[in-house]
Amino acid sequence: MLSNFKVVLVETSHPGNIGAVARAMKNMGMDQLRLVTPKFFPHADATARASGADDVLRSAQVYESLVEAIKDCQIVLGASARDRTISWPSVTARECAEKWANDASRENIALVFGRENSGLKNHELDLCHYLLRIPCNPAYSSLNLAAAVQVVCYELYVTSGQEHVSSIGDRGEDPLATAEQMEAFYQHLQQTMADIGFLHPERSKSIMRRLRRLFNRTQLDTKELDILRGILRFSQNHNLK
Ligand code: SAH
């Protein structure tokens, strides 16, 4: 979990946006939400838009000021759509993820998002170490609050490597095949192809190299390897009959 990242919303006007932010965070495995003087909270619209992420809403902390909300954070980033007149160090959402989502030191990092109608004020940005930018169409650069949170949390999620856990599907139950198991499989495959008269010894080297490349790309787990070896055994037996 990216629990050292705290999403801080400053004076949000529409409670529905707070709910949508909770949902966006939970989708990306985040749950640390802080609200600075929200106009309406708790609110039925927030719960409705959270749509299953009410646990994130329920655990949200409400603060009287931004200073209070970021007190325990070592790094503070202020998300802003606008180019500011003051020059301030800035990072994109992706750079932020690359810089801190893999950071083993686990400092508390505040991601501060501004008001729907007027963003963050300069005195609030003064409290931030960096501006946080989502690159987008310069002629129309202001995202909806929850959409902005979504993009930032997505970048953190992907960079922290958590997407591998869910993208593997039913992988993970069985360990990946070892090099030794793969070698035994290649020998079995080569032998079977020779037994069934598919592989001419002269061509075997280049075909085996191509097949190795193919299987290297897929990274077989032990169950998948068992299935393939079962097929090989079956075709060898069948061929002998
Ligand atoms: N109209 C406001 C923008 C409000 S959008 C303004 O002029 O600043 C609400 C919040 O979403 C912003 O305060 C900012 O924190 C975040 N946000 C929206 N678009 C963004 C972008 N392109 N980059 C970074 N943050 C953005």
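Remember, it's 1-based here, ligands and their atoms both numbered in the order they're listed. Just so it is clear, the model here is predicted, and its values are computed rather than measured. We use all heavy atoms of the structure for the numbers below, so side chains are in, but hydrogens, waters and symmetry mates are not.
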Any N or O of [X] closer than 3.5 Å to N or O of ligand 1:
X	value
A79	yes
I134	yes
L143	yes
N144	no
V112	no

Relative to atom 2 (C) of ligand 1, which among C136, A147, G119, A146 owns the nearest non-hydrogen atom?
-> G119

With atom 21 (C) of ligand 1 as the reference point, say which of A93, P138, A81 has the nearest heavy atom.
-> A81

So, D31 and R58, do they make that salt bridge, N to O below 4.0 Å?
-> no

Answer side chain, backbone, both or neither: which part of A148 comes under 4.0 Å from ligand 1, heavy atoms only.
-> side chain

Contact partition for S80 relative to ligand 1, non-hydrogen atoms under 4.0 Å | backbone

Would you say [X] has more than 12 foreign heavy atoms packed within less than 6.0 Å of its [atom1]?
X	atom1	result
R34	CZ	yes
Y186	OH	yes
F41	CZ	yes

Close-contact set for ligand 1 against [X] heavy atoms, below 4.0 Å:
X	answer
E116	1 (N), 2 (C), 4 (C)
N117	1 (N)
L132	24 (C)

Side-chain heavy-atom pair M25, Q150 within 4.5 angstrom cut-off = no

Any sub-3.5 Å donor-acceptor pair from K6's side-chain atoms to V112's backbone N or O?
-> no

Answer with yes or no whether the hydrophobic clustering places L35 together with V21; edges join I, L, V, M, F, W, Y residues whose side-chain heavy atoms lie under 4.5 Å apart.
-> yes

Kindly determine whether E11 and K121 satisfy salt bridge (charged side-chain N to carboxylate O under 4.0 Å, His left out), including the steps that lead there.
-> CA-CA 11 Å; E11 279 188 3; K121 299 184 191 322; 5.3 Å; no

